[in-house]
Amino acid sequence: MADSRDGTLEVFSDPALWGNQSVSLSNGSAFHDATSPEMNKVINALLLVVVFITMVSLGCTMEVSRIKSHMLKPKGLVIAVVSQYVVMPLVAFCLVKAFQLTEMRAVVVLICGCCPGGNLSNILALALQGDMNLSILMTSCSTLLALGTMPLLLSIYCRGFDLHSVIPYGEITISLVMTLIPCAIGVIVNYYRPKYARIFTKVGLSFTFMAVIGIIIITSYTNGGSMLTVLSGPLMAISALMPFIGYTFGYFISWPFKLNQSEMRTVSMETGCQNTQLCTTILKLAFPRELVGTLFLFPMVYGFFQAVEAALLIAVFRCHQRFVLKKKEKYQTAITEDRLKDASGGDSMTEASKFNNAATS
């Protein structure tokens, strides 16, 4: 293992080898991005617009009083931060050991595990009828803390690789700004013009849904075949297991701390969702594309699985609401009506007996 690391670091330290297309640490073939630079620019610009509109829409669902309440009693925030920066990196480390990945693949998985939560968790929390005030605060705190926690975690879990200089502090800051400013606009709109806030939320989220579908179609068309053919089985399994473990742990760890169901679902989404764009940026800055090869696709695959698994959870939640809860409500309504009938019947019998007694006397 030590010899492998030395050889890897020797390749990294020799720029002359970076241009060698035959050198790859992933699966023996260098990755060639099928997306043109112009298309990448279009997708990135579209993502910025979508994120801005989405966060304004989500901000319109927030309330100042609830925000203050979560800040004064930050139990949910602490649970989410601990889950994000203690549990998820540890989960990534355990999966790397369990699947016995090579060093380069292990580093990619660990970088993904050390990233903060992304804005996707906010959309998923809304779909699960979570606490949006808590969700936005969690994402903001997670992103802010990433400025200090990511260098620490990467130095712990990725020993032998100098990644401190490639941590994209600028992109982390932009991500934080793109969360706080649009949400602040939404909060202001909801505070002063709640009618407009409801309209903007519906229109904004509808636009977000259509834009996300479009981006998925474009990405699948350009890189979908590569994702399925070039990534190995262990990496596919890890990209599926990591978000599932995060969702499950985030939900059940909230139960002993007596969070309500809405908050528990919110912590679940925040724990399982990782900022895959940030992971991709770190990979681009840390390692030459010719060396990392197809491993550049791992954050994309992870993002796909975390979205699909969350969609399944949302479907289960909606079905539970529609069928189970409605049956309970109907049952409770029927019981209430029977009790009212019994009560009214009892009252009429009492009045009749009083009338008969009066007639007899």
Side-chain angles (χ1 to χ4, degrees), residues 43 46-47 50-51 53-55 57-58 61 80 83-84 88 91 95 112-113 115-132 134-136 138-139 142 201-225 227-228 231 235-252 254 261-280 297-326:
I43 293 175
L46 182 59
L47 281 174
V50 170
V51 168
I53 294 177
T54 301
M55 299 316 294
S57 303
L58 296 178
T61 65
S83 300
Q84 185 73 59
M88 290 307 290
V91 168
L95 289 174
C112 187
C115 285
N119 296 120
L120 177 63
S121 63
N122 308 133
I123 301 174
L124 298 177
L126 181 64
L128 282 169
Q129 297 181 4
D131 189 331
M132 292 311 302
L134 179 60
S135 179
I136 300 296
M138 285 178 179
T139 302
S142 173
T201 299
K202 291 180 180 179
V203 175
L205 293 179
S206 299
F207 170 79
T208 299
F209 178 76
M210 291 185 292
V212 168
I213 294 298
I215 292 173
I216 291 174
I217 292 173
I218 294 173
T219 305
S220 301
Y221 177 76
T222 54
N223 291 320
M227 288 191 294
L228 295 175
L231 289 180
L235 287 177
M236 297 289 281
I238 289 174
S239 60
L241 286 171
M242 273 182 66
F244 175 77
I245 294 173
Y247 292 145
T248 306
F249 180 87
Y251 183 83
F252 287 104
S254 305
Q261 286 293 320
S262 176
E263 292 171 341
M264 289 171 67
R265 293 192 295 270
T266 304
V267 173
S268 172
M269 291 298 102
E270 188 66 28
T271 303
C273 285
Q274 301 295 99
N275 193 330
T276 54
Q277 287 180 303
L278 186 61
C279 178
T280 302
L297 296 174
F298 178 79
M300 192 181 301
V301 177
Y302 184 95
F304 170 79
F305 276 107
Q306 74 179 5
V308 169
E309 291 171 12
L312 292 175
L313 292 175
I314 293 168
V316 172
F317 172 73
R318 296 290 184 175
C319 291
H320 178 266
Q321 274 194 321
R322 182 168 184 177
F323 298 106
V324 178
L325 294 184
K326 279 192 175 182

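In this text, all values refer to a predicted model and were calculated from it rather than measured experimentally.
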For Thr54, side-chain hydrogen bond (donor to acceptor under 3.5 Å, both in side chains) partners two or more places apart: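 By the side-chain hydrogen bond (donor to acceptor under 3.5 Å, both in side chains) rule, Thr54 matches Thr208.
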Point to revise | Results of side-chain hydrogen bond (donor to acceptor under 3.5 Å, both in side chains) for Gln306 - residues two or more places apart only | key: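 Partners of Gln306 by the side-chain hydrogen bond (donor to acceptor under 3.5 Å, both in side chains) criterion come out as none, since no residue qualifies.
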Partner residues of [X] under the side chain to side chain contact (heavy atoms under 4.5 Å, CB included) criterion, sequence neighbours left out:
X: Ser57; value: Ile53, Phe200, Leu205
X: Leu313; value: Tyr247, Met269
X: Ser206; value: none

Open item on the list: Please report the interatomic distance OH(Tyr302) to CG(Leu241), rounded to the nearest 0.5 Å.
Closed with: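 Tyr302 atom OH to Leu241 atom CG measures 10.5 Å (nearest 0.5 Å).
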#### Entry: Distance in Å, Met88 CE paired with Cys112 SG, rounded so as to fall on 0.5 Å steps
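That separation rounds to 7.5 Å.
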Discussion item. For the backbone of Val267 and the side chain of Thr271, can you confirm whether one donor and one acceptor N or O come within less than 3.5 Å of each other?
Written reply: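 Flag set: sc Thr271 to bb Val267 pair under 3.5 Å.
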Next item on the list: Check whether any side-chain N or O of Thr266 sits under 3.5 Å from a backbone N or O of Gly130 as a donor-acceptor pair, and report yes or no.
Entry: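 Not a single qualifying donor-acceptor pair exists.
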Shortest non-hydrogen separation from [X] to [Y] and the atoms involved:
X: Val50; Y: Phe207; value: CG2-CE2, 4.2 Å
X: Gln274; Y: Gln84; value: OE1-NE2, 2.5 Å
X: Ser239; Y: Val301; value: OG-CG1, 3.4 Å

Check the surroundings of atom CZ in Phe244: do more than 12 heavy atoms from other residues, nucleotides or ligands lie under 6.0 Å from it?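 Not more than 12 within 6.0 Å, no.
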- Message: Tell me if the CZ atom of Phe252 is crowded by more than 12 foreign heavy atoms within 6.0 Å.
- Response: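 For Phe252, atom CZ is not crowded (no more than 12 foreign heavy atoms under 6.0 Å).
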Side chains of residues 120-127: which donor-acceptor pairs under 3.5 Å do they make with residues two or more places apart or in other chains?
from, atom 1, to, atom 2, distance (Å)
Ser121, OG, Gly118, O, 2.8
Ser121, OG, Glu270, OE1, 2.8
Asn122, ND2, Ser135, O, 3.3
Asn122, ND2, Ser135, OG, 2.8
Asn122, ND2, Thr139, OG1, 2.8

